[in-house]
2 protein chains.
Amino acid sequence: MIPEATVARLPVYLRALTALAEGGIRTCSSEDLASAAGVNSAKLRKDLSYLGSYGTRGVGYDVDYLRYQIAREIGVTHDWPVVIVGIGNLGHALANYSGFRSRGFRVVALLDADLDRTGELVAGVPVRPFDDLEAIASEHAVAIGVIATPAAAAQDVADRMVAAGVTSILNFAPAVISVPEGVDVRKVDLSIELQILAYHEQRKAHETGREVAAAIGGDQ
Amino acid sequence: MIPEATVARLPVYLRALTALAEGGIRTCSSEDLASAAGVNSAKLRKDLSYLGSYGTRGVGYDVDYLRYQIAREIGVTHDWPVVIVGIGNLGHALANYSGFRSRGFRVVALLDADLDRTGELVAGVPVRPFDDLEAIASEHAVAIGVIATPAAAAQDVADRMVAAGVTSILNFAPAVISVPEGVDVRKVDLSIELQILAYHEQRKAHETGREVAAAIGGDQ
DNA sequence: CTCGTTTTGTTCTCGCGTTCACAAACTCCT
DNA sequence: AGGAGTTTGTGAACGCGAGAACAAAACGAG
Ligand SMILES: NC(=O)c1ccc[n+]([C@@H]2O[C@H](COP(=O)([O-])OP(=O)(O)OC[C@H]3O[C@@H](n4cnc5c(N)ncnc54)[C@H](O)[C@@H]3O)[C@@H](O)[C@H]2O)c1
Ligand SMILES: NC(=O)c1ccc[n+]([C@@H]2O[C@H](COP(=O)([O-])OP(=O)(O)OC[C@H]3O[C@@H](n4cnc5c(N)ncnc54)[C@H](O)[C@@H]3O)[C@@H](O)[C@H]2O)c1
């Protein structure tokens with residue numbers, strides 16, 4: 001129904017609206033919100049039009065009202081239980097991340113295959129054995145899982161999650177994981193992001209190099 | 001020259017090729033590589049065709065040769081120096097991330113505004129005051145910077161980075177940062193990813209709900 | 001050497017997303 | 001009340017990316 005590209009931007013608008021609300025702003029135009037969200041105002045209006053007509057012509061949008069409508073559309077008016085698997089460097093950072101709670105997610109369990117970690121408290125939540133996954137998933141009706149294990153373990157963890165009823169996975173491991181139809185996977189990959197930056201950086205360098213060469217060597 | 005969508009997939013191919021090479025495979029077809037990378041084989045071939053004709057019809061691609069060609073195109077045949085700013089929960093995880101080094105990046109400095117952190121060793125690299133940014137950037141010719149500070153500090157840090165000569169920024173803070181033309185910014189945002197998953201999760205739930213309602217209520 | 005098999009590289013078509021441009025709708029001032 | 005000024009919501013044009021389909025090229029068997 002709502003285009004995927006729009007869905008990916010709604011959370012950005014939500015964050016921008018929250019920032020505006022915290023700044024005491026009650027009403028904003030599409031131009032204001034667009035610049036706060038870093039997008040084009042026409043795109044913003046078109047995106048919002050998929051949700052309904054929540055603005056007032058000649059006036060703009062009511063910040064709190066629009067915020068609620070977007071939150072409702074995304075589905076973050078209530079908290080989602082989340083499990084994190086793989087409590088190493090990254091898992092610790094994720095578990096300590098306050099943005100989880102404030103944006104509609106609740107970490108209900110931290111799981112790790114390394115039994116030496118069992119019982120360790122991270123941000124007040126105890127680390128439990130990976131084998132507890134099924135029990136926790138069914139007890140808390142967990143639909144969203146986060147994978148922060150090494151790449152080699154990612155597919156196995158994903159399979160276990162799916163078997164336990166998880167239908168959305170956020171994967172931080174640099175590995176392609178395959179899941180049955182109906183299960184969503186999103187991946188976050190630091191090295192891919194850096195490599196994309198490196199590609200553009202290299203092109204900039206070539207560009208400058210050519211300009212310099214042209215300046216020195218004259219017209220070629 | 002190369003479409004942006006293709007650039008974003010080249011690192012994935014590179015990783016898949018590395019995995020194949022480690023498995024002792026010397027040659028692969030577009031079908032093999034595509035399934036290892038999780039994409040369609042037609043798309044893969046089209047992507048590779050932007051780089052040149054590095055395959056052999058009827059045979060496939062030489063794994064090592066293709067790997068080198070992609071690495072060269074991305075610009076990761078030599079290491080890129082990187083600075084990380086904000087050595088909190090996430091910054092620690094990033095500094096400890098071994099995938100940095102193995103994929104063409106070298107952390108040359110860890111910076112934090114909190115002077116209590118100065119001197120702390122993280123993965124063998126000492127944390128230094130944020131004000132050392134300019135000196136480090138010019139000494140190591142740093143072009144790529146990573147922001148892992150709170151959102152409120154992100155724009156300031158970005159401005160200082162740009163002034164120090166950084167032209168590519170990877171931003172982990174949940175904030176829109178604006179930079180001059182010629183500077184690239186990529187953002188990684190955990191909560192946005194989770195919210196996208198939540199949206200689809202909610203839709204799945206509605207879908208099931210409707211099916212259940214239809215099954216109970218009969219044809220409506 | 002020739003023919004069949006395999007697999008690449010490329011052309012073509014379709015659909016999605018972005019952006020422009022403007023009519024409709026609302027407010028405020030006179 | 002009416003007109004001027006704003007700002008939304010959307011229709012239409014355009015460009016890019018995905019995928020199917022196929023021709024060209026390499027290889028091996030006979
Ligand atoms: N550290 C970072 O900043 C960073 C950045 C980007 C991506 N990543 C990726 O995230 C993943 C985790 O990185 P890390 O630095 O935290 O690694 P890590 O080695 O510190 O932690 C991995 C954890 O996963 C656990 N584990 C291993 N196999 C498991 C299994 N089958 N089930 C459950 N738990 C298991 C280990 O016991 C360990 O605690 C890696 O795939 C890495 O490539 C890390
Ligand atoms: N922890 C996570 O897993 C996680 C996940 C996603 C996003 N994030 C985001 O990453 C950022 C960092 O998260 P964190 O959990 O590491 O926070 P943190 O508070 O643990 O660390 C932030 C660090 O930045 C330093 N800092 C503050 N202002 C600075 C400045 N102006 N210049 C230099 N350094 C400065 C602080 O001293 C601190 O060490 C936040 O924006 C957070 O929203 C974190």
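This one's a predicted model, so the numbers in the text were calculated from it and none came from an experiment. Just so we're on the same page: letters track the sequence lines, and every chain starts at 1. Keep in mind that the numbers below use all heavy atoms, side chains included, and drop hydrogens, waters and symmetry copies.
Between the side chains of T77(A) and R72(A), no donor N or O sits under 3.5 Å from an acceptor N or O.
Taking atom NZ of residue K43(A) and atom P of nucleotide dG15(D), one finds them 17 Å apart after rounding to whole Å. If you take OH of Y54(A) and C1' of dC26(C), they are 19 Å apart, rounded to a whole angstrom.
When each of A5(A) and S53(B) is assigned the nucleotide of DNA chain C with its nearest heavy atom, S53(B) is the one assigned upstream, toward the 5' end.
Residue R57(A) places a side-chain atom within donor-acceptor reach of the base of dT8(D), judged by atom type and a 3.5 Å distance cut-off alone. One N or O donor and one acceptor, one from the side chain of K46(B) and one from the base of dG19(D), sit under 3.5 Å apart.
Nearest to the side-chain atoms of R9(A) among the listed nucleotides dT18(C), dA18(D), dA20(D) stands dT18(C). Candidate nucleotides dC22(C), dG17(D), dT8(C) were compared by shortest atom distance to the side chain of P3(B), and dG17(D) ranks first. Of the candidates dT8(D), dT8(C), dA20(D), dT8(C) carries the atom nearest the Y61(B) side chain, counting heavy atoms from C-beta on.
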query: Could you walk me through whether L194(A) and L170(B) pass the side-chain contact (heavy atoms from CB on, under 4.5 Å) check?
result: CA-CA 7 Å; L194(A) 284 175; L170(B) 182 56; 3.9 Å; yes
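Taking the six-membered ring for Trp, Y65(A) and Y54(A) have ring centres closer than 6.0 Å.
The shortest distance between the side-chain N/O atoms of S30(B) and the OP1/OP2 oxygens of dT8(C) is below 4.0 Å.
For R106(A) and F100(A), the positive end is not near the middle of the six-membered ring at less than 6.0 Å and at most 45° from its axis.
No engagement by E31(B) is indicated, since no non-hydrogen atom pair under 4.0 Å with the nucleic acid exists.
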